Undergrad: 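Shown below is the structure under consideration.
We count ligands from 1, going down the list as the structure has it; atoms in each ligand are counted the same way. It should be emphasised that the depicted structure is a prediction, and the values quoted were computed from it without experimental measurement. Positions are given from 1, in the same order as the sequence printed here.
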Amino acid sequence: HLVASMEVEESYIMIKPDGVQRGLVGEIISRFEKKGFKLKGLKLFECPKELAEEHYKDLSSKPFFPKLISYITSGPVVCMAWEGVGVVASARKLIGATNPLQAEPGTIRGDLAIQTGRNVVHGSDSPENGKREIALWFKEGELTDWTPVQTPWLI
Ligand code: RTP
């Protein structure tokens, strides 16, 4: 179980192909934006098979791995880098349980999804993986470190 930290962290959040196909991009982005996290990178992207396999390499021995790779590469995804205090655990909370039927109402998966194999969004599971995944999915020039103007509630 992830405990919310007081550190400024980065999380890699990705809207999976079903989220894009179902027209949920704005809805999902708005949840992180309204919470108060800072968007540092955003792109619509067709994920090559090799990248999907690298991203999910820890799951490569699982029986569902081939299905997972074809799901993630089945259409464009929206890649995002979000920054903020405790963003990794907080984003996992906003996203909800892996199985959408177990995700609480009010969470993204709890409100918008039914199946584990079509659970609309990914969020990094540790600050280390947040950094690793952002480096994996974004090139250097694609990230912007900007300072919010007169919005002290954004960190
Ligand atoms: P994610 O990495 O996408 O945020 O998901 P997670 O941590 O909640 O779940 P994880 O166990 O890391 O699994 C990654 C993704 O693989 C798919 N999955 N399918 N039994 C199955 O068919 C199955 N189990 C997992 C899901 O898309 C899950 O989000």
Undergrad: Under 4.0 Å, counting heavy atoms only: does Lys16 come that close to any atom of ligand 1?
TA: yes

Undergrad: Got Ser90 and Lys35 here, is their nearest side-chain heavy-atom distance under 4.5 Å?
TA: yes

Undergrad: Heavy-atom contact under 4.0 Å between Thr116 and ligand 1?
TA: yes

Undergrad: Suppose we measure from atom 22 (O) of ligand 1 to each protein heavy atom; which comes out shortest, and what is that distance?
TA: Phe64 CB, 3.6 Å

Undergrad: Is ligand 1 less than 4.0 angstrom away from at least one heavy atom of Lys67?
TA: no

Undergrad: Using a 4.0 Å heavy-atom cut-off, say whether Leu68 meets ligand 1 through its side chain, its backbone, both or neither.
TA: side chain

Undergrad: Looking at Tyr71, does the NZ or CZ of Lys16 lie under 6.0 angstrom from its six-membered ring centre and within 45 degrees of the ring axis?
TA: no

Undergrad: Give a yes/no verdict on a cation-pi contact between Lys43 and Phe45, requiring under 6.0 Å between NZ or CZ and the six-membered ring centre and an angle within 45° of the axis.
TA: yes

Undergrad: Closer than 4.0 angstrom, basic N to acidic O: yes or no for Glu27 and Arg31?
TA: yes

Undergrad: For ligand 1, is any non-hydrogen atom under 4.0 Å from Arg92's backbone (N, CA, C, O), its side chain (CB onward), both, or neither?
TA: side chain

Undergrad: What is the closest protein heavy atom to atom 29 (O) of ligand 1, and at what distance does it sit?
TA: Asn119 ND2, 2.8 Å

Undergrad: So which heavy atom in the protein is nearest atom 2 (O) of ligand 1, and how far is it from that ligand atom?
TA: His122 ND1, 2.8 Å

Undergrad: Answer yes or no: does an N/O atom from Tyr71 fall short of 3.5 Å to an N/O atom of ligand 1?
TA: no

Undergrad: Should you measure from each heavy atom of Tyr56, which atoms of ligand 1 turn up under 4.0 Å away?
TA: 2 (O), 3 (O), 14 (C)

Undergrad: Quick check: do Pro48 and Thr73 have side-chain heavy atoms less than 4.5 Å from each other?
TA: no

Undergrad: Are Trp82 and Glu33 packed together at the side-chain level, in the sense that at least one heavy-atom pair is separated by less than 4.5 angstrom?
TA: yes

Undergrad: In terms of residue, atom name and distance, what is the protein heavy atom nearest to atom 8 (O) of ligand 1?
TA: Thr98 OG1, 2.4 Å

Undergrad: Hey, is ligand 1 close enough to Gly123 that some N/O pair sits below 3.5 Å?
TA: yes

Undergrad: Looking at CZ of Arg92 and OG1 of Thr98, how far apart are the two atoms once the value is rounded to the nearest 0.5 Å?
TA: 6.0 Å

Undergrad: Quick check for you: to the nearest 0.5 Å, what is the distance between Arg109 atom CZ and Ile114 atom CD1?
TA: 14.0 Å

Undergrad: Please work out, at 4.0 Å between heavy atoms, whether the side chain, the backbone, both, or neither of Leu59 comes within that distance of ligand 1.
TA: side chain

Undergrad: Any side-chain heavy-atom pair from Val78 and Val20 closer than 4.5 angstrom?
TA: yes

Undergrad: Do protein heavy atoms approach atom 11 (O) of ligand 1 to less than 4.0 Å?
TA: no

Undergrad: Show your working on side-chain contact (heavy atoms from CB on, under 4.5 Å) between Glu133 and His122 and close with a plain yes or no.
TA: CA-CA 11 Å; Glu133 292 170 3; His122 161 82; 2.9 Å; yes

Undergrad: I'd like to know if Arg109 contacts ligand 1, where contact means a heavy-atom distance under 4.0 Å to any ligand atom.
TA: yes

